[in-house]
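Throughout, a chain's letter reflects where its sequence line sits, starting with A, and its residues are numbered from 1. Side chains included, hydrogens not; waters and symmetry mates left out as well; all remaining heavy atoms used.
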Amino acid sequence: MAPSGPIQVRGEVLSVRRVGAYFHVTLLAQGVAERVRPGHFVALAVGGESSSMLLRRSFSIYRAQERGVYGGTVEIVLAAHGPGTSWLAGCRPHDPVDVVGPLGTPFALPKDPASCTLVGGGYGSAPLFSLADALRARGCRVDVVLGAGSEDRLFGVLDAKRISQSVTVTTDDGSLGHRGRVTDVLPAVFARADTDVVYACGPMAMLRALSEVAAAHGVAAQVAVEEAMACGIGVCMTCVLPVVGDDGVTRMVRSCTEGPVFRGESVRWADVGTVPPDCLGAPLPAGGH
Amino acid sequence: MAPSGPIQVRGEVLSVRRVGAYFHVTLLAQGVAERVRPGHFVALAVGGESSSMLLRRSFSIYRAQERGVYGGTVEIVLAAHGPGTSWLAGCRPHDPVDVVGPLGTPFALPKDPASCTLVGGGYGSAPLFSLADALRARGCRVDVVLGAGSEDRLFGVLDAKRISQSVTVTTDDGSLGHRGRVTDVLPAVFARADTDVVYACGPMAMLRALSEVAAAHGVAAQVAVEEAMACGIGVCMTCVLPVVGDDGVTRMVRSCTEGPVFRGESVRWADVGTVPPDCLGAPLPAGGH
Amino acid sequence: MVDLRTSLGSAVLPNPLATASGCAANGRELSRFFPLSELGAVVTKSVMLAPRSGRATPRMAETPSGMLNSIGLQGPGVDAFVEHDLPWLQAQGARTIVSIAGGSIDEYAVVADRVNGAPPGSVAAVEVNISCPNVEDRGLVFACDPMAAAAAVQAARRALDPAIPVLAKLSPDVTDIVTIARACVGAGADGLTMINTVLGMVIDTGTLRPALAGVTGGLSGPAIRPVAVRCIWQVHAALPDVPILGVGGVRTGLDALQLVLAGASAVSVGTVVFNDPSAPVRVLRELHDALEERGFERFVDAVGYAHRSFEQEYA
Amino acid sequence: MVDLRTSLGSAVLPNPLATASGCAANGRELSRFFPLSELGAVVTKSVMLAPRSGRATPRMAETPSGMLNSIGLQGPGVDAFVEHDLPWLQAQGARTIVSIAGGSIDEYAVVADRVNGAPPGSVAAVEVNISCPNVEDRGLVFACDPMAAAAAVQAARRALDPAIPVLAKLSPDVTDIVTIARACVGAGADGLTMINTVLGMVIDTGTLRPALAGVTGGLSGPAIRPVAVRCIWQVHAALPDVPILGVGGVRTGLDALQLVLAGASAVSVGTVVFNDPSAPVRVLRELHDALEERGFERFVDAVGYAHRSFEQEYA
Ligand SMILES: Cc1cc2nc3c(=O)[nH]c(=O)nc-3n(C[C@H](O)[C@H](O)[C@H](O)COP(=O)(O)OP(=O)(O)OC[C@H]3O[C@@H](n4cnc5c(N)ncnc54)[C@H](O)[C@@H]3O)c2cc1C
Ligand SMILES: Cc1cc2nc3c(=O)[nH]c(=O)nc-3n(C[C@H](O)[C@H](O)[C@H](O)COP(=O)(O)OP(=O)(O)OC[C@H]3O[C@@H](n4cnc5c(N)ncnc54)[C@H](O)[C@@H]3O)c2cc1C
Ligand SMILES: Cc1cc2nc3c(=O)[nH]c(=O)nc-3n(C[C@H](O)[C@H](O)[C@H](O)COP(=O)(O)O)c2cc1C
Ligand SMILES: Cc1cc2nc3c(=O)[nH]c(=O)nc-3n(C[C@H](O)[C@H](O)[C@H](O)COP(=O)(O)O)c2cc1C
Ligand code: FES
Ligand code: FES
């Protein structure tokens with residue numbers, strides 16, 4: 001059996017390549033790759049030794065290779081958005097980067113061959129390629145839908161063509177593919193592919209809308225959420241969202257450990273950012289004791 | 001007249017070269033070089049944009065060139081000692097470094113040709129080479145004494161030979177030159193060179209001992225001190241030491257602005273690190289009001 | 001080899017390194033990075049009587065060399081904790097310092113009583129987190145008033161077997177921490193943990209609103225280390241015989257050494273675990289080496305050492 | 001172009017950016033980096049009655065995203081200040097906020113009186129630094145007690161022309177800053193400056209002794225920014241009509257904006273000047289642009305704005 005659970009290693013940047021609006025970063029991280037399953041993420045320390053940024057940044061794993069020329073590597077796709085991601089984007093080959101991973105609960109794979117639709121929003125497509133490989137290895141049909149604000153924020157359109165039955169692209173501004181949202185095209189894809197399961201990664205608003213469409217079409221949904229995380233390893237309780245358990249009880253659940261992948265219908269999307277009053281241990285209404 | 005006073009510029013590292021135990025760093029810093037006089041220093045921001053190190057690090061200016069191939073450059077010699085200096089030593093060509101300088105009060109030059117002995121302890125020799133040039137341009141005789149713990153901590157022995165009548169070297173461990181301290185050899189040099197003024201830069205203990213030897217031999221002393229500095233520009237009052245003014249009154253004086261160069265006999269060496277009770281504005285003895 | 005043994009009241013620990021409450025959950029997640037038995041102690045997340053959902057998100061914001069958090073003491077409740085977590089920790093060979101919290105004096109008493117019912121040997125000490133709002137007194141924080149602080153500590157102390165040391169965890173957000181420390185010791189605390197987070201706030205310049213759903217939050221991390229050192233220094237100077245578990249901004253062995261020299265008999269690593277999950281064992285190693293380089297043969301000789309050299313010089 | 005004008009009581013300023021007391025000396029050194037007239041105000045180093053040598057060195061220690069200082073109010077005394085510094089500042093076109101300090105209520109009164117004797121128009125406002133030990137009351141810091149704080153503010157207020165606004169500068173090292181703020185306003189303060197440094201300490205792990213000669217010192221810089229935002233937020237919520245000069249850890253325009261959104265009518269840049277001597281003008285530029293991007297036409301509309309959106313949502 002492959003080793004499992006996260007490890008912490010002093011990794012090294014092998015390359016940083018611009019891809020559209022993103023950066024494709026390859027890291028040497030001995031021992032991590034053999035533990036990775038699709039949907040896992042890594043948490044990277046940022047800013048170097050004298051950094052004022054204490055918290056790690058989390059990234060979906062795009063690709064993990066047990067041994068390339070250099071040993072085990074992990075690849076991520078990042079949007080340079082704030083100071084931590086900008087620092088990573090500015091790294092040069094051989095710069096050290098501390099890596100913790102793989103983290104989180106990966107995508108659940110169907111036991112039997114099934115028709116799977118994979119939906120990525122922006123850099124959210126990153127984890128879908130290794131997922132597609134795993135699904136195809138199980139004899140699943142794979143269709144891909146990629147959406148983004150504009151063409152430069154799509155990642156992996158060509159790659160996706162290689163690994164899937166069909167690729168559908170949407171952009172908010174119409175710069176590539178259908179002008180609009182992924183949820184506009186999903187019903188047609190579901191119908192065409194006779195989808196059993198939809199797998200998705202992307203912004204929360206997309207996951208919410210997608211979960212609703214999936215439920216309406218009787219399609220199971222596996223969604224990888226993105227909540228602000230202080231630790232990434234399950235010890236701080238910052239990354240919670242309200243999730244309904246198999247027992248019907250809503251709990252504030254850690255997205256770094258129980259997630260980032262959840263069943264779409266288990267997340268109480270409308271209540272994300274709140275503690276629903278019927279949540280286990282919710283504060284009593286004012287006036288109560 | 002040359003422009004004077006400090007400026008702040010976004011500089012750039014041109015090169016970092018190991019020299020014995022030190023690093024010789026050349027910085028592109030437009031507009032600084034033309035303002036530099038021997039004994040000035042620069043204050044460099046360290047750690048990059050997300051640095052947790054807020055305070056600048058100060059370095060004597062080893063060499064300043066108004067235009068090299070790249071424009072105005074400033075060179076320093078640094079010992080990688082803590083996190084800030086280690087960060088600088090690890091810089092690579094083209095890395096940006098914010099430079100403030102030139103700062104401080106430079107060495108006072110004799111009006112008439114005089115016999116000058118220049119004494120450097122460790123990297124404290126750095127500012128002496130441009131000083132020697134300025135003195136020789138005024139027809140002064142220059143003798144050099146360099147001391148350090150060990151040979152690798154001497155800086156510029158060969159350079160010194162080119163610019164001086166004589167070079168005397170001391171090391172604590174005897175790995176080069178006389179085994180011992182610079183003050184062991186100073187009386188002989190003073191006698192041989194008939195020294196009028198001694199110029200010195202190095203550790204406080206050396207400057208103190210040297211000031212005593214100079215006073216005993218009737219030699220004027222100009223010493224560049226090194227006190228911990230938070231701002232380097234004269235606004236914070238952290239870098240003070242007790243100095244006797246021309247009026248005979250002791251004041252806590254800023255070494256970044258009134259210094260780093262002081263007359264050796266004006267510094268109350270034994271009282272550095274204290275506020276002497278006869279200092280202007282010293283706290284009243286307990287029980288007073 | 002430095003002898004690293006230390007003690008917090010009657011709790012004897014093989015070494016002075018511990019986790020910090022709320023920064024290590026109840027140990028399971030960190031045990032994937034190092035064996036919990038290697039630490040002097042594991043301090044668990046503050047537990048209350050009933051299960052709690054905690055606050056709404058966002059619960060955190062990064063700040064320069066620190067972070068702000070407002071978790072709201074999410075947890076399973078003391079019964080589930082005693083049933084599931086304590087035995088598991090004991091099986092790992094960890095020494096567990098159980099952090100308890102309450103919204104009323106009564107809740108402190110009841111939670112302590114439930115902890116007291118845990119299997120013998122599974123509780124090395126109890127830490128009383130008094131940085132909680134008192135629902136019976138207009139939400140005033142226990143730790144901010146000597147009487148309220150003492151009452152909470154006393155309630156816990158009385159409910160617990162005298163063999164289990166009680167540590168009162170103090171808040172730095174007070175005008176005079178020594179007064180609070182004295183009140184807690186007077187109420188039966190065998191030791192003190194210092195410091196809890198510093199009350200802070202971040203405003204999100206995108207939404208133009210407070211960054212945390214809870215509006216204010218607790219500032220932690222290296223940014224507050226000088227505050228922790230100062231509090232430990234002040235209290236150790238006033239109460240030199242009261243053992244202190246130091247916490248606040250420890251990132252390296254030298255940081256831990258600062259807290260120890262100020263007067264801490266043991267040191268917790270909190271927020272820095274988020275940066276470096278193996279920090280507690282790394283800091284322990286670094287602290288060991290730093291003590292050895294400085295010629296200390298026993299860890300306990302370094303506790304409060306900065307006071308000694310200070311008194312010698314100035315007395 | 002955003003209209004940047006603001007006011008602190010009757011002091012009208014062309015823009016909200018100021019230096020912080022003790023982080024800009026009396027202006028001369030910074031004027032080599034930018035014209036002082038470009039700032040809303042220059043806040044001078046706290047001045048006392050007589051010349052003062054300040055404390056022994058070391059006076060500073062670097063800390064994560066901050067520093068500790070213990071200068072001991074070194075300065076020339078108020079007479080030399082009024083004679084040499086104020087006219088020079090006026091000649092530069094600077095608006096000067098004079099920070100005064102005292103070791104007794106009487107000293108506050110006398111220093112304020114001497115400042116009151118300065119040439120008309122040379123003093124835009126007086127900031128009363130009450131983070132000083134009261135030699136007449138066992139060295140207790142004025143800012144830590146509402147009565148003492150009020151007495152110091154009142155002494156200064158009475159000595160000064162009513163046309164000169166008085167700002168009381170508060171310490172965050174108190175259990176309840178709103179109580180102190182109310183006391184100062186009750187004593188005649190026209191506005192409040194928040195915050196002074198946070199009491200901290202660093203131990204030198206080389207010498208095994210306190211790093212500062214003064215043992216404890218004041219923590220400043222970005223590390224404490226969340227504490228400043230919190231204090232401003234709390235006081236502005238309680239006293240929405242009292243203008244606040246915000247200070248604490250401002251490094252960028254967005255940092256300044258946080259303080260403004262929390263309730264500050266003007267913002268001082270302190271420690272960050274040591275990192276970047278031109279920070280005050282840079283932060284002003286960045287703040288202007290940040291306001292513009294967010295659609296504010298007037299700076300004053302952003303003051304306390306985070307309370308507004310907060311009340312709307314939750315009320
Ligand atoms: C499970 C997971 C997978 C992710 N995968 C990717 C990916 O493949 N590619 C990619 O570009 N980004 C990904 N992100 C988002 C990425 O972690 C954030 O963009 C990044 O942390 C922002 O850091 P910053 O310094 O640029 O921004 P800042 O705003 O300065 O960050 C400040 C703090 O907030 C946290 N934070 C801010 N935004 C986010 C966010 N969107 N999600 C989580 N934490 C946040 C940061 O971790 C940090 O602690 C993922 C996030 C999670 C939780
Ligand atoms: C006028 C002047 C000229 C100097 N010239 C040189 C030079 O030419 N080459 C060289 O290698 N070094 C020189 N130094 C010393 C150099 O500034 C310090 O070694 C450096 O600041 C230490 O930074 P750090 O991050 O390595 O150490 P840390 O110990 O981490 O520094 C922490 C803080 O203390 C201050 N500090 C620590 N040691 C010193 C010190 N010795 N002097 C001043 N501040 C200190 C730092 O500036 C910083 O604020 C000079 C110092 C001064 C004041
Ligand atoms: C996310 C988080 C949660 C915390 N939860 C608790 C808690 O439940 N009980 C408690 O006493 N302290 C809690 N603390 C405070 C820490 O135990 C510690 O006192 C504080 O963070 C300072 O230490 P540090 O700087 O090493 O983190 C928490 C801190 C953080 C960052
Ligand atoms: C070196 C130094 C000296 C200071 N001197 C004074 C002073 O004389 N009077 C005063 O009211 N505040 C003084 N302060 C406090 C600052 O004015 C400011 O309130 C505090 O540093 C927080 O702001 P900052 O984080 O921007 O520095 C001083 C701060 C520093 C760092
Ligand atoms: S990020 Fe810390 S528990 Fe999930
Ligand atoms: S270093 Fe700030 S005044 Fe000298």
Can you tell me how far CD1 of C/Ile203 sits from CG of D/Leu254, rounded to the nearest 0.5 angstrom?
12.0 Å

Please say whether more than 12 non-hydrogen atoms of neighbouring residues, nucleotides or ligands are located less than 6.0 Å from CD in C/Glu292.
yes

Quick one: of C/Thr63, C/Val227, C/Asp145, C/Ile224, who has the most non-hydrogen atom pairs under 4.5 Å with chain D?
C/Val227

dist D/Arg230:CZ -> C/Thr216:OG1 (nearest 0.5 Å) comes out at 8.0 Å

Taking all atoms of both residues into account, what is the closest heavy-atom pair of C/Met201 and D/Gln258, and its distance?
O-OE1, 4.4 Å

Is chain D contacted by the side chain of C/Gln234, its backbone, both, or neither, given a heavy-atom distance below 4.5 Å?
side chain

Quick check on the interface: out of D/Leu199, D/Leu68, D/Val141, who has the most heavy-atom pairs with chain C under 4.5 Å?
D/Leu199

Which residue out of D/Gly217, D/Pro222, D/Gly249, D/Gly221 racks up the most heavy-atom pairs below 4.5 Å with chain C?
D/Pro222

Does any backbone or side-chain atom of C/Leu219 lie under 4.5 Å from a heavy atom of chain D? Answer side chain, backbone, both or neither.
side chain

Counting heavy-atom pairs under 4.5 angstrom with chain D, the leader among C/Ala223, C/Ala61, C/Ser65 is C/Ser65

Under 3.5 Å, side chain of D/Arg294 to main-chain N/O of C/Leu208, donor-acceptor pair present?
no

Just so I know, are the side chains of C/Val202 and D/Val229 near enough to count as touching, which here means a heavy-atom distance under 4.5 Å?
no

Listed by residue number, which members of residues 261-270 of chain D have a heavy atom under 4.5 Å from any heavy atom of chain C?
D/Leu261, D/Ala262

Sorted by number, residues from residues 168-176 of chain D in contact with chain C (heavy atoms, under 4.5 Å)
D/Asp173, D/Val174, D/Thr175

